[in-house]
Amino acid sequence: KEISKFRAINLACGGKLCDEIGWINADHQPNNSKVQKVNLLKKFPFPDDSFDVLYHSQFIEHIDFEMGIKFTHECLRILKPGGIIRIVTPDLEDQANEYLNALKNISNNPNSESAQLEYEWIRLEFLEQLMRNEDGGDMLKFLESKGHKALSYIEKRLGRSGRHIVPELEENKEISILVKFV
């Protein structure tokens with residue numbers, strides 16, 4: 001496809017921006033001037049068949065089922081025929097397995113601070129993906145208060161996404177920003 005005609009949109013982007021040619025970053029609460037303000041729970045301000053690619057990550061699981069249907073219809077409305085849509089959601093099976101492992105670990109090591117922190121984190125990660133409807137939620141509170149005590153586990157669970165929240169992980173400057181969890 002000719003690059004000048006290529007159009008793509010990164011919805012609910014938070015701080016995960018795509019700066020490539022042809023990309024629009026959109027969020028309901030923009031965190032910088034490179035992000036277009038779009039109410040993701042209403043009709044999008046784009047004409048039908050506008051984009052070759054549509055991407056959103058870690059968003060749809062935070063809205064109720066009916067709103068998810070409406071949101072998905074809007075995504076399909078602005079996607080060109082034959083376009084590509086990529087939807088990223090948490091891996092529920094991975095979270096459930098990790099929760100069971102952490103539960104077993106804390107049962108076997110009840111006095112271990114790291115076992116306790118890992119259990120607390122995965123419990124929050126697991127539950128908040130199902131119930132959270134505000135940015136950050138209790139996961140953000142945990143990261144701000146106890147994150148420095150569980151750095152390797154948090155990095156294992158979040159990868160690059162959460163490094164800026166925990167100061168000791170911020171030293172790796174390849175990640176510019178993640179504004180709370182979406």
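Heads up: numbering here begins at 1 and tracks the sequence.
With rounding to the nearest 0.5 Å, the separation of CD1 in I87 from OG1 in T72 is 5.5 Å. Expressed to the nearest 0.5 Å, how far CD1 of I24 lies from CD1 of I9 amounts to 5.0 Å. Distance check: L76 CG to I85 CD1 gives 5.0 Å after rounding to the nearest 0.5 Å. Here the OH-OG distance, from Y119 to S107, works out to 9.0 Å after rounding to the nearest 0.5 Å.
A salt bridge is defined here as a Lys NZ or Arg NE, NH1 or NH2 lying under 4.0 Å from an Asp or Glu carboxylate O, and E74 with R77 meets this definition.
At a threshold of 4.5 Å between non-hydrogen side-chain atoms, the residues F71 and F44 count as touching. Counting heavy atoms from C-beta on, the side chains of F59 and L40 come closer than 4.5 Å. In this structure, Q36 and F46 have side chains that are in contact, with non-hydrogen atoms separated by less than 4.5 Å. Counting heavy atoms from C-beta outward, N105 and N101 have side chains that stay 4.5 Å or more apart. The shortest distance between side-chain heavy atoms of C18 and N25 falls below 4.5 Å.
Judged by distance alone, with hydrogens and angles left aside, the side-chain atoms of N10 form no donor-acceptor pair with the main-chain N or O of W23 at under 3.5 Å. When atom types are taken as modelled, the side chain of D52 and the backbone of R7 share a donor-acceptor pair closer than 3.5 angstrom. Distance alone, capped at 3.5 Å, places no donor-acceptor pair between the R157 side chain and the E118 backbone.
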